[in-house]
Amino acid sequence: MTTEESTVPSNFIRKMVEEDNQTGKFGGQVHTRFPPEPNGYLHVGHAKAICLDFGIAAEYGGLCNLRFDDTNPVKEEEEFVESIQEDVRWLGFDWEDRLFYASDYFDQLYQWAVQLIKNGKAYVDSLSADEIREYRGTLTEPGKESPYRNRSIQENLDLFERMRAGEFENGTHVLRAKIDMTSGNLNMRDPVMYRILHAAHHRTGDKWCIYPMYDYAHGQSDSIEGITHSFCTIEYEDHRPLYDWFLDELGVYHPRQIEFAPLNLSYTVLSKRKLLRLVSEKHVNGWDDPRMPTLSGLRRRGYTPESIRDFCERIGVAKNESVVDIALLEHTLREDLNKRAQRVMAVLRPLKVVIDNYPEDQVEEFEVINNPEDPDMGSRKVPFSRVVYIEREDFLEDPPKKFFRLAPGREVRLKSAYYITCVDVVKDEQTGQILEVHCTYDPESRGGGTPDKRKVRGTLHWVSAAHALDAEVRLYDYLFSKPDPENVEEGSDFTANLNPDSLESLTFCKVEPDLAKAAPGSRYQFLRQGYFAVDPDSSDEKLVFNRAVSLRDTWAKIQKTQKK
RNA sequence: UGAGGGAUAGUUUAAUGGCAAAACAACGGACUCUGACUCCGUCGUUCCUGGUUCGAGUCCAGGUCCCUCAGCCA
């Protein structure tokens, strides 16, 4: 089924997995997992991890689990476990019956903690949070051992059991691993394994009032599920010795943690904390605002799962800190939609064109190709009449060099219809604004070509005024006006770089009647403009489109250099 | 004299010790009933210094710069 393009470059993770397969480290098996915390929406950065986790497993004939890392009941919500599943599925991946939760393992984790206490490898500490921090030392100075570090195993067992039973208040005791307070790696300075949290958990309810920390839960969850390769971002590199320590001390099956660099994208932010701020401070209209880099935002914007997967393939996987140019994301969308999106004519900023020599009440229908890249997509009929709308920017009274579009005395082609020549311009006497343009058409050019094969430089899209549908079109630009939103003056933050023009809503657009059947979520190429998706806000009364990405615009570039 | 990690075109990622490559971006051109698409071309002291070698991005030594870690978050 997979027609291997063989152009896919290798990466260090594939090499490590292949090496393990060759040495038989995991019996040739590959079993990965995608482990989101259900405390927010997934974004493209997660897509990179998802594609890696599910992709590597599929590539080597293995499996990938979906596991919610739900060890902190005060931050996690059911709403997020649903949106996460929806997003992973939409991206095109299937965990089949392997949907797990770290909370599924709370009993086992508790028993293992007891085992570590019995082995003298864990103890109950009764220092306050502040004291623990002080005792931890600093990056350059070693920590000090807690005065509670050498409690007897019996006492530890008793206290831990009473922690579980709910005898103590939040923050009064924690269970800690007994490792090395002088380690250069802070994670090894007797890390906290359990804290008391009198809070209801979204799945276990009030069964527990002590909850395991990430470091204690993650590796063991991997172990329980028989994960072979546990991929995570490089921030966890310092945690690997601890990941290994728990597994070794417990003497259980030991997966391999491998770290890779997280995705950064120009002109956007990719951290749950910052995305949450954008939402809560109303800089955007929710998690699925089409300007958001969340998967739900990209989906609403019009991105296809295929284009996002292609993007994730192309950016590669490495350990370097990097910032990927958002232009690459846009490119993969254009490439995908170029092959698949039906072409349609839509006039965003209408300018009325009256064709003086065209019969008053005549209507013709022209056959228009749906997609020149794919003949199988067929054609449709588009009505034409005496008054049409064209794009305001396609007419200039005083055209500069290299302007190929309509201007006084100039002939252009109306796509798939007729050649027209501008003969007059009607302006508002007060404001000077152009109200309408008058043209004549050449009946010989019917369908868009003439017997004499004469060339016209410009071909314009158009919509018959009498048949046009009204639509709202939302144009999006980058959410931030700087490639690095964090590049701000002292005392300021990334919100200072928010692009005030990231959303432009056009409410008087005219689109061709074929769009009456456009279903929410469906994607089109508006000829000469870009790719657009029908927004969920769209209705029969009022069509609403989102611009997913514009077409490359050479003319805009020429204009820019002309201005200089 | 804390620990760990990283450095290859503008960007991202490749390259059993054997001609430094691809994609994106930019720029120039061809084509065009989308100024789209497509096609062609241009754009490099592999962080530095030395060493090993017939041959080093790759191996060795020393250095420089950047990132991460001091939550009872994940």
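Convention: sequence-line order gives letters A, B, ...; per-chain numbering from 1.
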Q: Report the residues that fulfil ring pair (Phe, Tyr, Trp, His ring centres under 6.0 Å) with A/F80, sequence neighbours left out, ordered by chain and then residue number.
A: A/Y41
Q: Under the criterion of centre distance below 5.5 Å and interplanar angle below 30°, is A/Y214 classified as stacked on the base of B/A74?
A: no
Q: Is any side-chain nitrogen or oxygen of A/T71 closer than 4.0 Å to OP1 or OP2 of B/A74?
A: yes
Q: Ignoring backbone atoms, test whether A/R552 places a side-chain nitrogen or oxygen under 4.0 Å from the OP1 or OP2 oxygen of B/U38.
A: no
Q: With a cut-off of less than 4.0 Å, is there a side-chain N or O of A/R195 near OP1 or OP2 of B/A74?
A: yes
Q: Rounded to whole angstroms, how far apart are CE on A/M188 and C1' on B/A3?
A: 11 Å
Q: Report the base-pairing partner of B/C69 (Watson-Crick or G-U wobble, both distances below 3.5 angstrom), or none.
A: B/G2
Q: Using atom CE of A/M377 as one end and atom P of B/C37 as the other, report the distance to the nearest whole Å.
A: 18 Å
Q: For nucleotides 10-17 of chain B, just jot down a letter per nucleotide in 5' to 3' order: B, S or -, based on protein non-hydrogen atoms under 4.0 Å.
A: -SSSSS--
Q: Applying a 4.0 Å non-hydrogen cut-off, can you work out what A/R405 is touching in the nucleic acid: base, sugar-phosphate, or nothing?
A: base
Q: Within a strict 4.5 Å, meaning less than it, do heavy atoms of the A/P350 and A/R392 side chains meet?
A: no
Q: Provide the Watson-Crick or G-U wobble partner of B/G55, both distances under 3.5 Å; none if there is no partner.
A: none
Q: If the glycosidic angle is within 90 degrees of 0 it's syn, otherwise anti, so just tell me which one B/G6 is.
A: anti
Q: From CZ of A/F526 over to C1' of B/U34, roughly how many Å is that when rounded to an integer?
A: 14 Å
Q: Which is true for A/P36 with a 4.0 Å heavy-atom rule: it touches a base, it touches only sugar-phosphate, or it touches nothing?
A: nothing
Q: Identify which nucleotide among B/U34, B/A74, B/C69 has an atom closest to any side-chain atom of A/E37, counting heavy atoms from C-beta outward.
A: B/A74
Q: Can a donor-acceptor pair be found between the side chains of A/R151 and A/S126 at a distance below 3.5 Å?
A: yes
Q: From the options B/C73, B/A3, B/U34, select the nucleotide whose nearest atom is closest to the side chain of A/M213.
A: B/C73
Q: Taking it one step at a time, do A/T172 and A/M163 satisfy side chain to side chain contact (heavy atoms under 4.5 Å, CB included)?
A: CA-CA 9 Å; A/T172 52; A/M163 280 169 63; over 6 Å; no
Q: Could you tell me whether A/R240 and A/E259 make a salt bridge, using a distance below 4.0 angstrom between a side-chain N and a carboxylate O?
A: yes
Q: Could you check how far NZ of A/K274 sits from P of B/A74, rounded to whole Å?
A: 20 Å
Q: Do A/D104 and A/R203 pass the salt bridge (Lys or Arg N to Asp or Glu O under 4.0 Å) test, and can you show the C-alpha distance, the side-chain angles, and the key distance before you say yes or no?
A: CA-CA 9 Å; A/D104 293 341; A/R203 300 200 83 225; 2.9 Å; yes
Q: For B/A26, what is the paired nucleotide under Watson-Crick or G-U wobble rules, both distances under 3.5 Å?
A: B/U42
Q: Can you confirm whether the side chains of A/S230 and A/R33 place a donor and an acceptor under 3.5 Å from each other?
A: yes
Q: Mind listing the residues from residues 338-351 of chain A sitting with a heavy atom below 4.0 Å of RNA chain B? Number order is fine.
A: A/N338, A/R343
Q: Is the base of B/G71 touched by the side chain of A/R133 through a donor-acceptor pair closer than 3.5 angstrom?
A: no
Q: Taking atom types as modelled, is there a side-chain donor on A/T182 or A/D180 under 3.5 Å from an acceptor on the other?
A: yes
Q: Is a donor from one side chain sitting under 3.5 angstrom from an acceptor on the other, for A/N371 and A/E373?
A: no
Q: Would you call A/D125 and A/R149 a salt bridge, taking side-chain N to carboxylate O under 4.0 Å as the test?
A: no
Q: Can you measure A/D394 atom CG to B/A36 atom P for me and round it to whole angstrom units?
A: 14 Å
Q: Shortest non-hydrogen contact from A/W462 to A/P383?
A: CZ3-O, 3.2 Å
Q: Name the pairing partner of B/C47, where a pair is Watson-Crick or G-U wobble with both distances under 3.5 Å, or state none.
A: B/G63
Q: Test the A/R164-A/Y110 pair against the cation-pi criterion, namely NZ or CZ under 6.0 angstrom from the six-membered ring centroid and within 45° of the ring axis.
A: yes
Q: Strictly below 4.0 Å: does A/H331 bring a side-chain N or O up to OP1 or OP2 of B/C24?
A: yes
Q: Under 4.0 Å between any heavy atoms, over every strand shown, what does A/V174 touch: base, sugar-phosphate, or nothing? Just pick one.
A: base
Q: Taking the nucleotide of RNA chain B with the closest heavy atom to each, which residue, A/E141 or A/T554, is nearer the 5' end?
A: A/E141
Q: Would you measure the distance from the P atom in B/U58 across to the matching atom in B/A7 and give it in whole Å?
A: 12 Å
Q: What is the pairing partner of B/U32, taking Watson-Crick or G-U wobble pairs with both distances under 3.5 Å in any strand?
A: none
Q: Is B/U13 paired to anything, Watson-Crick or G-U wobble with both distances less than 3.5 Å, and if yes, which nucleotide?
A: B/A21
Q: Here's a test of your reading of the structure: between A/N187 and A/L197, which maps to the more 5' nucleotide of RNA chain B?
A: A/N187
Q: To the side chain of A/K557, which of B/A26, B/A74, B/G2 is closest?
A: B/A26
Q: Would you say A/R136 places a side-chain N or O within less than 4.0 Å of OP1 or OP2 belonging to B/G71?
A: yes
